[in-house]
Amino acid sequence: MGGLQTLNWKAIEEKWQKRWSEAKVFEANPDWNKPKCFVTFPFPYMSGPLHVGHGYSASRVDVYARYMRMKGFNVLFPWAWHWTGETVAGASERIKLKDEKFIHALRVVDGVPEEELEKFVDPVYMARYYTDYNREAVKKLGLSVDWRREFHTSSHHPTFSRFVEWQYLKLKQKNFIIQGTHPVVWCPKCESPTGEADRLEGSGVTPEEYTLVKFRFEDGWLPAATLRPETVFGVTNLWLNPEATYVEALVDGEKWIVSKEAAEKLKEQLKKVEVLREFKGLELMGKTCREPVEEKEIPILPGWFVNPSNATGVVYSVPAHAPYDWLALRDLQNNPSLLEKFGIPVEDVKKIKPIPMIRVEGFGEYPAVEIVEEMRIKDQNDPKAEEATKIIYKKEFHRGVMRENCGKYSGRLVSEVKQVLVEDFKRKGLMDSMWELPEKVVCRCTTQCLVKILRDQWFLNYSNPEWKKLAKELLSKMKIYPEEARRWFEDVIDWLHDWACTRKTGLGTPLPWAPEWIVETLSDSTVYMAFYTINRHIKALNIPAEKLTEEFFDYVFYGVGEPEKIAEKMGISIEALKDMRKEFLYWYPVDLRNSGKDLVPNHLTFYIFHHAALFPPEHWPKAIAINGFMRVEGEEMHKSKGNFIPLRRAVEDFGADITRCVVLLAAEGMDDPDWRASSLKEVSSNLNSFYRYILELQNLGEEKEEKHLEKWLLSILQKRIKKVSESIENLKTRTALETALYEVWKDFRWYMRRVEKPCKKTVFYATRVWVKLLTPFIPHLCEELWEKLGEKGFVSTASWPKYEEEKVSLEDEEVEELISLLVEDTKNILRVLNVQPKKICYYVAAKWKWETYLKILEKRKNGVLGRETIKEFMVQPEIRRMGGKAAKFIGKTIDEVLKMPGELLEKRLRIGFLDEYSYLLEAKNFFGREFKAEVEVFREDSPNIFDPKNRGSLAEPYRPAIYIQD
RNA sequence: GCGGGGGUAGCCAAGCCAGGUCAAAGGCGCAAGGCUUAGGACCUUGUCCCGUAGGGGUUCGUGGGUUCAAAUCCCACCCCCCGCACCA
């Protein structure tokens with residue numbers, strides 16, 4: 001029974017991982033006799049376990065690394081861990097606050113032991129725990145990493161922190177860091193920005209800028225908040241909520257009336273606010289104010305829909321274009337009793353007529369009125385009013401044109417004038433702005449958030465056109481896989497504006513010139529690949545962080561400064577210092593960086609910007625590859641969904657090679673791979689079979705000459721070698737693996753089916769090629785096979801199969817193509833006839849047909865082939881003698897050749913005359929086996945032909961005629 | 001809304017950029033046969049419809065168009081996924 005049971009993956013994988021590690025095969029030092037290849041994977045964030053999606057991206061890097069290594073490159077694949085940011089701290093905080101849901105996820109999904117869980121109240125402990133946990137996952141996946149260069153980020157890794165400091169000093173010196181102000185979602189209790197991860201409510205909500213339109217009221221202003229300032233030309237009245245509390249306040253010296261909440265908010269938005277008195281909205285009902293365009297007097301009316309917690313709590317009314325305004329107005333007009341208690345005469349309200357000021361197709365004068373009728377919206381409390389508002393807003397913004405009553409903006413598109421209009425009015429002091437959250441955001445600490453404008457924040461000046469230009473230049477020189485992603489990068493570079501690069505809280509490196517700020521997580525990880533090149537020295541020499549000065553890094557990365565002095569100050573040898581410089585120069589630039597596509601709009605683009613800023617063009621990254629992100633059984637993977645698949649568990653449960661194959665076979669390019677249980681089963685059984693098949697092949701074959709079928713196998717293998725190589729080079733890892741596994745398998749199957757006795761020499765060569773082609777994908781299994789095949793050393797460091805042009809034989813390939821088509825055709829006939837044949841006869845085309853065929857091919861190549869060419873042939877006496885049948889053959893051939901793809905045409909021309917007769921004769925036994933019948937082969941013009949149904953004349957080149965006798 | 005990607009046979013998925021060998025690779029599933037004590041594995045065949053001679057018909061989100069010829073090119077539309085910022 002031995003050898004037939006399922007493989008012991010675990011034993012095999014552990015065995016080879018141990019051997020690789022002992023032999024230090026993946027530890028890469030500079031070797032000036034070898035070309036280098038430096039590949040990286042963005043260090044993962046250590047707030048939880050890695051999942052199979054990380055495994056996917058990392059496996060792609062590993063496939064490339066392993067391939068290049070076998071190609072003879074000195075390959076460096078380092079690894080590190082990201083600790084910077086607020087997420088670990090936030091997670092730790094949730095544990096401190098005993099967030100049951102969160103703790104449950106850690107316990108169940110992450111499998112964190114109880115005694116460890118308690119210690120997670122310390123964020124650093126938590127990060128370290130996950131780093132250790134995940135390192136095992138990465139190692140067990142079999143990635144070919146040089147672990148000597150490992151590190152993690154933040155001030156808890158002081159030597160790395162020094163590197164971040166250096167980087168920021170350089171950026172500052174180059175004026176790529178500026179100071180400025182910026183609106184953020186802010187928790188007044190925590191006194192810090194409330195990021196996505198820190199929210200109980202309101203995920204995805206970002207500040208929105210309202211325009212405040214200032215209506216003159218007595219000696220002050222009523223600033224009405226709006227997202228549609230262009231509608232100021234259609235204002236009929238003002239709305240205040242009679243039940244809400246308003247304040248009169250001095251705002252930057254002007255007297256404003258706004259809701260009580262608004263006054264507090266404005267304080268956070270760089271406005272100086274002094275509240276003078278508080279009162280109910282009711283107090284202003286029926287009074288009038290002046291609109292800012294023509295200073296017409298308009299009334300202030302009660303609007304219960306006005307939310308004092310939104311913006312200023314003051315709203316102006318444009319009933320022609322805003323459904324809410326029209327509804328509120330109509331409600332008042334229809335219910336005079338509502339007005340009674342405010343002492344507002346009904347006639348005054350009834351007098352108010354909507355003022356149309358935007359023309360838009362599909363609507364008449366009063367779009368708001370029309371949509372209210374159409375949707376049968378009852379009143380201002382009807383939830384359908386919200387939808388109506390959205391529809392009108394969209395239509396009018398995109399398609400709307402300002403009517404004649406809009407002054408100098410008349411006749412222009414709403415979308416065009418909006419911005420200018422606001423600028424114009426702001427200049428006149430009639431508009432202002434205020435930031436507001438479109439939806440409620442609640443901080444983890446349960447406090448409701450507001451918008452704060454942060455001042456003196458530090459920014460990476462990505463809006464700088466010079467910097468953008470540099471980034472684009474870098475991008476244009478870089479390879480992007482897949483190429484479709486290039487446009488996305490271009491857009492991101494254009495779109496990116498200044499990035500707030502510092503935080504007040506969380507883990508990270510303090511900004512060297514303003515240590516109260518910490519460099520934020522995306523901003524400290526842009527050029528750290530340079531640190532990999534020297535980190536093994538820093539660790540080996542045990543250089544203390546404080547010795548890693550600006551001038552040290554300047555020397556290592558830029559070659560400036562005096563090495564003697566620097567080395568002396570650092571207390572290391574000048575050789576050691578120079579080695580670091582040399583090692584940096586050896587490895588840099590990064591040859592490939594691969595990650596999920598989610599990093600395109602942030603990290604990867606930052607990576608481009610910062611390299612462009614900090615390094616000369618010869619050190620700019622060479623290539624970026626991206627891939628989709630992992631789904632599970634077609635769904636997004638989420639801890640909360642319960643379908644989260646930790647990498648470590650996958651590797652432990654299914655094995656590294658299977659896990660790698662499942663993810664690599666699942667997708668390519670930007671498509672999202674899907675993790676499916678069925679695929680797991682499928683791959684596992686395929687790999688088991690592959691293993692056994694290779695071992696079986698070992699014992700097959702005999703010493704013999706390499707003939708047609710062997711030449712065919714060798715030829716087709718060259719094609720596979722080429723395809724796999726090119727696919728890996730273009731990060732088409734799925735195509736590569738599919739070809740290496742399935743296509744090659746198919747070739748073997750055909751060879752074994754066709755051949756009488758396999759040739760030992762060919763099988764020997766072919767099995768070794770096959771194992772090598774799969775090594776980048778399933779390295780453990782391939783090592784095991786390599787050893788079982790009696791080969792010395794690691795297959796991981798064996799040489800990649802060379803594509804040998806001289807082994808390519810078009811003729812042998814075409815012959816097999818012909819034979820398999822002939823088998824197919826014969827089967828097709830047998831199926832239709834539904835008989836068991838006694839005898840099958842094949843007739844190959846006569847010599848004159850071949851000559852004619854080749855001439856037709858030639859004519860097509862020279863572009864002189866047409867239907868009329870038939871005449872040229874028919875005038876030849878020896879052809880004309882054969883009459884109609886010849887004409888039919890020539891006509892058909894011309895038609896076929898006319899639509900033959902160029903590649904095939906070339907191939908057939910190069911092959912020329914093909915001795916079909918000999919090849920078919922050689923395959924007689926094969927046909928016999930296939931059909932369990934006697935098989936005979938004739939030339940169609942042979943004198944002793946057996947052809948009772950006169951089929952022979954149907955023969956064409958590459959298409960022998962068939963006769964079947966039952 | 002803006003930007004990016006995509007819709008192919010029971011499922012996954014190639015082909016599309018460079019139009020013709022495309023009823024459309026490969027894998028899975030399913031069915032039949034072989035091998036085997038049996039199961040698994042493996043091998044062969046079939047898997048849109050029709051067909052007693054290698055053929056014909058209808059297909060590649062929908063509707064038009066260009067072309068001798070379109071899954072592939074052009075136009076319009078419908079649907080799905082992702083990103084839109086201070087967050088990893």
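Because only heavy atoms are used, hydrogens play no part in the values below, and waters and symmetry mates are left out as well, while side chains stay in. Values in this document were obtained by computation on a predicted structure and should not be read as measured data. Within every chain, numbering begins at 1; the chains are lettered A, B, ... in the order of the sequence lines, protein sequences first and strands thereafter.
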Would the base of rA88(B) count as contacting His82(A) through its side chain, where contact means a donor and an acceptor less than 3.5 Å apart?
no
Within the distance-only criterion (no hydrogens, no angle test), does the side chain of Arg660(A) pair as donor or acceptor with the backbone N or O of Tyr56(A) below 3.5 angstrom?
no
Does this structure show an ion pair linking Glu490(A) with Lys472(A), if we count only N-O contacts that are shorter than 4.0 Å?
no
For Arg908(A) and Ala666(A), find the nucleotide of RNA chain B closest to each by heavy atoms; which residue's nucleotide sits nearer the 5' end?
Ala666(A)
Can you see if the side chain of Ser689(A) gets near the phosphate of rC42(B) - specifically, an N or O under 4.0 Å from OP1 or OP2?
yes
Arg734(A) vs rA14(B): side-chain N/O to OP1/OP2 distance below 4.0 Å:
yes
For Asp671(A), report the nucleic acid contact type (base, sugar-phosphate, nothing); a contact means any heavy atom under 4.0 Å.
sugar-phosphate
Any N/O donor-acceptor pair, Asp825(A) side-chain to rG54(B) base, under 3.5 Å:
yes
So which nucleotide from rG6(B), rU21(B), rA53(B) ends up closest to the side chain of Ile829(A)?
rA53(B)
Which residue pairs pass the salt bridge (charged side-chain N to carboxylate O under 4.0 Å, His left out) test when at least one of the two sits in residues 818-831 of chain A, sequence neighbours left out?
Lys827(A)-Glu930(A)
Ranking Glu520(A) and Thr206(A) by the position along RNA chain B of their nearest nucleotide, the one closer to 5' is Thr206(A)
Using the side-chain heavy atoms of Asp672(A), tell me which of these nucleotides is nearest: rC86(B), rC84(B), rC81(B).
rC81(B)
Touch check for Ile964(A), heavy atoms < 4.0 angstrom, all strands: base, sugar-phosphate only, or nothing?
base
Using a 4.0 Å heavy-atom cut-off, write out nucleotides 67-72 of chain B from 5' to 3' as B (base contacted by protein), S (sugar-phosphate only) or - (no contact).
------
Under 5.5 Å centre to centre and under 30° between planes: does that hold for Tyr963(A) and the six-membered base ring of rA53(B)?
no
Heavy-atom contacts, protein to nucleotides 43-50 of chain B, under 4.0 Å, summarised as B (base), S (sugar-phosphate only) or - (none) per nt, yield SSSS----
Look at the rings of Phe927(A) and Phe931(A) and say which category their plane angle falls in: under 30° parallel, 30 to 60° tilted, over 60° perpendicular.
parallel
Check every strand shown and say whether Glu86(A) touches a base, only sugar-phosphate, or nothing at a heavy-atom separation below 4.0 Å.
sugar-phosphate
